[in-house]
Amino acid sequence: MKSQTIDRHPDVTARLGVLPQIRHWIVLPAVIAVAVLALGLTMKSVPVLTASDLGVDQAVSRDHSTVLNTLALALNNLFSPAGGIIMLVLVCVFLLVVRRSPVNAIAVGAITSAGWLSSEVFKVLVARHRPDPGDLLDPLVSEPASNGFPSGHTSLAVSLAIALFLLARGTRWERPSLACGAVVAVAVAASRVYLGVHYPTDVAASFLVSIAGIILFAGLWNRYALRLLARVNVLRRFGPVPYPAR
């Protein structure tokens, strides 16, 4: 798959003014979306597949430990909707006020939100219920009856990891950001199965959905973002907002 090369903005305070963009930024997310939708509906409607998925949750539920319980519950709170919003606001405020980077602050918030909220669309479309706590030996979290495909916690972790990697891209923090982001995203995904609130395919789909949402968002951002942000004069009180190249 060939990529369309787009130069990053030279000003570090606006390095996310132009995002990396693949050539088929509409087609690829559409293909991924169809595949994920087909996966979700198939897993929902074929009992033997759901039973296989549930078997993983049941096996994990029989082998809990105090240390892993503590870690999984901590990740459950940190990447919850409330925790995610607080975390994202803190990151964006730091970039806006401390780093004086309004474009980067808005971009990180928007990239993370695009990937995160993509999971909510598929939750509605697929409407697959979470594992029944009654089928597990030691369910650690009582989730309300709601749709579980894909995992919102995992989508948040993946999307935030991608946003911070893009921010660090081309700096000495690029590799540490990639490594840490990958570890955290996988840890959150594993914790959702460990807690018994998601099937393995729920968390696997979260990676695909988040990446697809961000690929599509990047194409839209590169076409419209700087043009719109340049009109918001108040942003220049916090830092530079470059005008789009003509």
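Nothing here was measured: the structure is a model prediction, and the numbers come from that model.
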Discussion item. Rounded to the nearest 0.5 Å, what separates atom CG in L37 from atom CD1 in I32?
Written reply: 13.5 Å

Discussion item. I'd like to know if L78 and V67 are part of one continuous hydrophobic network [Ile/Leu/Val/Met/Phe/Trp/Tyr, side-chain heavy atoms within less than 4.5 Å].
Written reply: no

Worksheet item: What do the steps show when you test R99 against N104 for side chain to side chain contact (heavy atoms under 4.5 Å, CB included), and what is the final call?
Response: CA-CA 9 Å; R99 301 297 296 175; N104 291 345; over 6 Å; no

Worksheet entry | Distance (rounded to the nearest 0.5 Å) between S101 OG and L16 CG | 9.0 Å

Worksheet item: Any side-chain heavy-atom pair from R236 and N233 closer than 4.5 angstrom?
Response: yes

Practice prompt. Please check if L71 and Y194 belong to a single hydrophobic cluster, counting links between Ile, Leu, Val, Met, Phe, Trp and Tyr side chain heavy atoms closer than 4.5 Å.
Written response: no

Discussion item. So T50 and K44, do their side chains get closer than 4.5 Å, heavy atoms only?
Written reply: no

Discussion item. Are L136 and L54 packed together at the side-chain level, in the sense that at least one heavy-atom pair is separated by less than 4.5 angstrom?
Written reply: yes

Fill in: Value rounded to 0.5 Å, distance of OG1 in T70 from CG in L75
11.0 Å

Worksheet item: Hey, any chance L166 and M87 share a hydrophobic cluster, counting ILVMFWY side chains that come within less than 4.5 Å of each other, even indirectly?
Response: yes

Item to complete: Taking all non-hydrogen atoms of both residues into account, name the closest pair between F122 and A33 and its distance.
Response: CE2-O, 3.5 Å

Worksheet item: Does any non-hydrogen side-chain atom of V232 lie less than 4.5 Å from one of V241?
Response: no

Discussion item. Are I26 and Y224 linked, directly or through intermediate hydrophobic residues, by side-chain heavy-atom contacts shorter than 4.5 Å (ILVMFWY only)?
Written reply: yes

Worksheet entry | With S155 via side-chain hydrogen bond (donor to acceptor under 3.5 Å, both in side chains) - residues at least two apart | S210

Worksheet entry | Contacts of type ring pair (Phe, Tyr, Trp, His ring centres under 6.0 Å), residue F79, not counting sequence neighbours | none

Worksheet, complete the sentence: In short, D57 meets H198 closest at the heavy-atom pair OD2-O, 2.7 Å

Discussion item. For S151 versus S206, what's the shortest heavy-atom pair and its separation?
Written reply: N-OG, 2.8 Å

Discussion item. Rounded to the nearest 0.5 Å, what separates atom CD1 in I111 from atom CD1 in I162?
Written reply: 9.0 Å

Discussion item. How close do P242 and V103 get, counting heavy atoms only, and between which atoms?
Written reply: CD-CG2, 4.0 Å

Item to complete: Would you name the heavy atoms of F149 and A205 that are closest together and state the gap between them?
Response: CZ-CB, 3.5 Å

Worksheet item: Between S61 and L137, is there a donor-acceptor pair closer than 3.5 Å when you use the side chain of the first and the backbone of the second?
Response: yes

Discussion item. Side chain to side chain contact (heavy atoms under 4.5 Å, CB included), that's the test. Do N76 and S191 meet it? Break it down for me.
Written reply: CA-CA 8 Å; N76 177 64; S191 74; over 6 Å; no

Worksheet entry | Inter-residue atom distance N147.CG - D202.CG, 0.5 Å rounding | 10.0 Å

Practice prompt. Mark yes or no for whether R15, through its side chain, and L167, through its backbone, hold a donor-acceptor pair below 3.5 Å.
Written response: yes

Fill in: W116 and L160, any side-chain heavy atoms less than 4.5 Å apart
no

Response to the item:
Closest heavy-atom pair, P240 versus R100, reported as atoms and distance to 0.1 Å, is CD-O, 3.9 Å

Worksheet item: With no hydrogens and no angle check, is any side-chain donor or acceptor of H153 less than 3.5 Å from a backbone partner on V203?
Response: no

Fill in: side chain to side chain contact (heavy atoms under 4.5 Å, CB included) between D53 and L49, worked out
CA-CA 6 Å; D53 240 5; L49 295 179; over 6 Å; no

Discussion item. Between T201 and R128, do the side chains contain a donor N or O and an acceptor N or O under 3.5 Å apart?
Written reply: yes

Worksheet item: Okay, side chain of E120, backbone of G152: is any donor-acceptor separation there less than 3.5 Å?
Response: no

Worksheet entry | Chi angles and distances behind the side chain to side chain contact (heavy atoms under 4.5 Å, CB included) call for S177, T171 | CA-CA 10 Å; S177 173; T171 73; over 6 Å; no

Worksheet item: Side-chain contact, heavy-atom cut-off 4.5 Å: I106 with W221?
Response: yes

Worksheet item: What's the spacing between I215 CD1 and L220 CG if we round to 0.5 Å?
Response: 12.5 Å

Worksheet item: Can you tell if the side chain of P102 reaches within under 4.5 Å of the side chain of L229, non-hydrogen atoms only?
Response: no

Practice prompt. For the residue pair V193 and Y199, establish whether any side-chain heavy-atom pair is separated by less than 4.5 Å.
Written response: no

Worksheet item: Can you get from V91 to V97 by hopping between Ile, Leu, Val, Met, Phe, Trp and Tyr side chains that sit under 4.5 Å apart?
Response: yes

